[in-house]
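Written below as structure tokens is the structure these notes are about.
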Amino acid sequence: MAGEIFNPNPVVFSPAKASGKYSDLSAQSLWLRDSYEESDGEDDGIEEIDQEEIFDLIRAIYDPEHPNTLEELRVVSAPQISVTSNHVNVEFTPTVPHCGMSTLIGLSIRVRLLRSLPNRFKVDIYVKPGSHQSEHAVNKQLNDKERVAAALENPVLLDTVEKCLSNVGAI
């Protein structure tokens with residue numbers, strides 16, 4: 001199965017213009033507030049992060065099979081993301097129900113968010129219900145700390161994740 005393409009002809013959409021409050025600065029820094037916002041001298045406490053900011057972080061991740069971003073393939077979209085005070089829930093839609101790259105896509109999303117968000121956030125990644133034939137198994141793999149840690153110790157998987165993340169911040 002090595003080298004098998006699960007979806008040889010995906011539908012590609014034009015990405016929307018980045019619309020988050022820091023989208024125009026996203027290529028410059030992960031922690032934009034400290035560098036680019038003027039402080040009025042008050043201690044604002046913990047900054048809230050919204051759905052659009054999370055979408056801006058993951059929209060430019062490349063699909064592992066195609067030279068397109070997850071946004072272009074409509075694998076991720078802002079409505080599939082929910083954010084509460086310390087919890088981020090991302091739902092993604094594989095391009096085909098038998099997509100063998102779903103776990104790798106979810107792992108790439110998780111790595112991007114873990115590298116970008118403060119430690120106070122719990123991140124859950126799920127396949128959209130009914131969109132994958134092995135939905136339960138994929139969700140279990142993506143949300144098990146030990147499985148994620150083991151996957152990231154594999155140099156081949158880590159290299160693939162790094163390639164998926166290579167364009168993040170450029171859009």
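Atom CD of E52 and atom CG of L57 lie 11.5 Å apart (nearest 0.5 Å). With rounding to the nearest 0.5 Å, the separation of CG in L73 from CG in N68 is 4.5 Å. Taken to the nearest 0.5 Å, the CG atom of L107 stands 12.5 Å off from the CE atom of M101.
Closest heavy-atom contact between R59 and D56: NH1-OD1, 2.7 Å. When all heavy atoms are compared, the tightest approach of V76 to F55 is O-CE1, 3.7 Å. Residues L165 and V111 come closest through the heavy atom pair CD1-CG1, 3.7 Å. Nearest heavy-atom pair, H132 versus S102, reported as atom, atom and distance to 0.1 Å: CD2-OG, 3.1 Å.
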- Item | Full working for side-chain contact (heavy atoms from CB on, under 4.5 Å) between L142 and F92 | CA-CA 12 Å; L142 292 175; F92 69 96; 3.8 Å; yes
- Begin from the C-alpha positions of I58 and V90 and carry the test side-chain contact (heavy atoms from CB on, under 4.5 Å) through to its verdict. CA-CA 10 Å; I58 64 175; V90 177; 4.0 Å; yes
- Under the side-chain contact (heavy atoms from CB on, under 4.5 Å) criterion, do R147 and K140 qualify, and how do the steps go? CA-CA 9 Å; R147 290 180 190 213; K140 187 174 182 179; 3.7 Å; yes
- Message: Is there a side-chain contact (heavy atoms from CB on, under 4.5 Å) between E91 and I125? Walk through the geometry before answering.
- Response: CA-CA 6 Å; E91 185 179 89; I125 312 289; over 6 Å; no
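Listed for the N139 side chain is a donor-acceptor partner under 3.5 Å among the backbone atoms of V127. Under the 3.5 Å distance criterion, the side-chain polar atoms of S116 are left unmatched by any main-chain donor or acceptor of L113. Under a 3.5 Å cut-off, the side chain of S134 and the backbone N or O of A137 do not form any donor-acceptor pair.
Contact annotation: the side chain of T69 approaches that of E72 to within less than 4.5 Å [non-hydrogen atoms, C-beta and beyond]. Proximity of P64 to I105: side-chain heavy atoms (C-beta onward) are separated by under 4.5 Å at one or more points. H66 has its side chain within reach of D63: a pair of non-hydrogen atoms, C-beta onward, lies under 4.5 Å apart. Residues R110 and N143 meet the side-chain proximity criterion, which asks for heavy atoms closer than 4.5 Å. A 4.5 Å side-chain heavy-atom check between D50 and I54 finds every atom pair outside the cut-off.
Residues passing the salt bridge (charged side-chain N to carboxylate O under 4.0 Å, His left out) test with K163, sequence neighbours excluded: D159. Applying the side chain to side chain donor-acceptor pair (under 3.5 Å) rule to S108 yields no partners; only residues at least two apart in sequence or on another chain are considered. With sequence neighbours left out, L157 forms a side-chain contact (heavy atoms from CB on, under 4.5 Å) with L104, A151, N154. A search for side chain to side chain donor-acceptor pair (under 3.5 Å) contacts involving Q51 returns nothing, not counting sequence neighbours.
Residue pairs satisfying the side-chain hydrogen bond (donor to acceptor under 3.5 Å, both in side chains) criterion with at least one member in residues 75-84, sequence neighbours excluded, are listed as follows: S77-Q80, Q80-T93. Residue pairs meeting the side-chain hydrogen bond (donor to acceptor under 3.5 Å, both in side chains) criterion with at least one member in residues 117-126, sequence neighbours excluded: N86-R120, H87-D124, K122-D124.
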